[in-house]
Amino acid sequence: MRIIYFFLLIFSISFSQNKITKSDIIGKWEVKVKVKQLLKEEIKNLDMLEKMAVELASGFAEDIIDSADMYVLFKKNNTALLTVDFLEYEEQEEIKWSIVDNEIVIDDSLNKKINIGSENNKWVLEDDILFLKEKNQKINKNIFLRKVLQ
């Protein structure tokens, strides 16, 4: 009987979700977008000419995204600074964030200069990476935040 309790304990520990704390989030996170993979999923229902146009544009978009430095600096007071630095252009915006139901909610709806998404965005922490959770509750592994070690 002890063996059964032991296995139940191990099973419940291994599948329980860790509680996200502010200290897990505080700091600088780099915004990453896998443009080609993101577009590949979006163009499934397009015709041949539309797919060709998207494929041509995706290389250009990928170059732009890869050459831009995008960061979110999460602060203790539930605000964050979203920074986009591209060539000679730099823009910063203060956004709000919170932890709700073990998910990070980023609200960048106050100032529409630059957006990390639309309206309130939910992010899920998996393996020290924040992944975007879409409105259909699916985790989007093509848009993520990776913590910058300082």
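Keep in mind it's a predicted model, so treat the numbers as computed, not measured. All residue numbers refer to positions in the sequence shown, counting from 1.
In this structure, the separation between CG on D24 and CD1 on I99 is 7.0 Å, given to the nearest 0.5 Å. Considering NZ of K76 and CD1 of I26, their distance stands at 7.0 Å, rounded to 0.5 Å. Atom OG1 of T79 sits about 7.5 Å away from atom NZ of K96, to the nearest 0.5 Å.
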Worksheet item: Please walk me through it: do L73 and T83 pass side-chain contact (heavy atoms from CB on, under 4.5 Å)?
Response: CA-CA 8 Å; L73 178 61; T83 304; over 6 Å; no
Worksheet item: Under the side-chain contact (heavy atoms from CB on, under 4.5 Å) criterion, do W29 and Y71 qualify, and how do the steps go?
Response: CA-CA 6 Å; W29 294 72; Y71 296 96; over 6 Å; no
Item to complete: Determine, step by step, whether I106 and I95 satisfy the side-chain contact (heavy atoms from CB on, under 4.5 Å) criterion, reporting the C-alpha distance in whole Å, the side-chain angles of both residues, the deciding distance to 0.1 Å, and the verdict.
Response: CA-CA 7 Å; I106 298 177; I95 56 178; 3.5 Å; yes
Practice prompt. Under the side-chain contact (heavy atoms from CB on, under 4.5 Å) rule, what do E90 and V84 come out as? Steps first, then yes or no, please.
Written response: CA-CA 6 Å; E90 182 177 321; V84 175; over 6 Å; no
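Scanning both residues, N78 and S98, for their nearest heavy atoms gives ND2-CA, 3.7 Å. When every heavy atom of K122 is checked against every heavy atom of V105, the shortest pair comes out as CG-CG2, 4.3 Å. Between I20 and N102, the shortest heavy-atom contact is N-OD1, 2.6 Å.
A heavy-atom distance below 4.5 Å is found between the side chains of L130 and I25. Within the 4.5 Å cutoff, side-chain heavy atoms of I104 are placed close to those of W97.
Taking 4.0 Å as the cut-off between side-chain N and carboxylate O, E126 and K141 count as a salt-bridged pair.
Note that K32 lies outside the cation-pi zone of F144, set by a 6.0 Å cut-off to the ring centre and a 45° limit from the axis.
Around the CG atom of N77, the shell of radius 6.0 Å holds more than 12 heavy atoms that belong to other residues, nucleotides or ligands. Heavy atoms of other residues, nucleotides or ligands lying less than 6.0 angstrom from CG of N136 number more than 12.
Formation of a donor-acceptor pair under 3.5 Å by the N140 side chain with backbone atoms of L132 is not found in this model.
Separation of the W123 and F131 ring centroids does not fall under the 6.0 Å cut-off.
Scanning for salt bridge (Lys or Arg N to Asp or Glu O under 4.0 Å) contacts around K75 gives an empty result, with sequence neighbours left out. By the salt bridge (Lys or Arg N to Asp or Glu O under 4.0 Å) test, K22 pairs with no residue at all, sequence neighbours left out. Residues that satisfy the salt bridge (Lys or Arg N to Asp or Glu O under 4.0 Å) test with K133, not counting sequence neighbours, are E103.
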